[in-house]
Amino acid sequence: MNEFISMGGYALYVWGAAGMTALLVAGEVLALRSRTKAIVRQHQRALRRERHPTDGIGGRNGKNGKNGKDGHEGKA
C-alpha cells in the first residue's frame, strides 16, 4: 500500500494532478447546478408573467391601473 501511495517517487505530481482534477470537476458541477437553478428561476418568472400580464401602467390585470396602488383615485 505504501508503494502505491508513493507512486514510484512521483506521488506529489500524481496526487497533485488527481486532486486538482477532482477540485475542478467539483467546481464545474457546482457552477452547472447554479446556472441550472438560475435558468429554472428565469423560466418560472416568464411563466408567471405570461399568466399574469401587467396592463403596462404598473398594475396587474388592471387592478392598480391609473388609480394608484390601492385602487382609489388620488388627489389630482
Side-chain angles (χ1 to χ4, degrees):
M1 184 67 174
N2 199 17
E3 237 178 86
F4 174 74
I5 293 174
S6 68
M7 297 283 173
Y10 297 104
L12 183 61
Y13 173 76
V14 172
W15 290 114
M20 184 59 71
T21 300
L23 184 67
L24 291 173
V25 168
E28 186 62 28
V29 167
L30 293 174
L32 183 59
R33 185 180 297 166
S34 175
R35 286 186 298 236
T36 301
K37 286 181 181 180
I39 289 170
V40 167
R41 282 192 304 267
Q42 183 180 3
H43 283 261
Q44 287 173 341
R45 283 193 301 267
L47 284 174
R48 271 183 263 153
R49 281 194 304 267
E50 278 184 22
R51 291 182 188 145
H52 305 288
T54 61
D55 61 0
I57 300 174
R60 291 181 180 254
N61 299 325
K63 291 178 185 174
N64 298 335
K66 297 178 182 176
N67 296 332
K69 287 186 176 182
D70 58 1
H72 298 290
E73 291 187 27
K75 296 178 184 178

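By the rule that hydrophobic residues join a cluster once side-chain heavy atoms approach within less than 4.5 Å of another member, L12 and M1 end up as members of separate clusters. When hydrophobic clusters are built by joining Ile, Leu, Val, Met, Phe, Trp and Tyr residues whose side-chain heavy atoms come closer than 4.5 Å, directly or via intermediates, M20 is not grouped with Y13.
Interatomic distance, E3 CD to I5 CD1, rounded to the nearest 0.5 Å: 11.0 Å. Taken from OG1 in T36 to CZ in R41, the straight-line distance is 10.5 Å, to the nearest 0.5 Å. Within the model, atoms CG of L32 and NZ of K37 stand 11.5 Å from one another, a figure rounded to the nearest 0.5 Å.
At distances below 3.5 Å, at least one donor-acceptor pair connects side-chain atoms of T21 with backbone N or O atoms of A17.
With respect to R33 and E28, no salt bridge is recorded, no charged nitrogen being found less than 4.0 Å from a carboxylate O.
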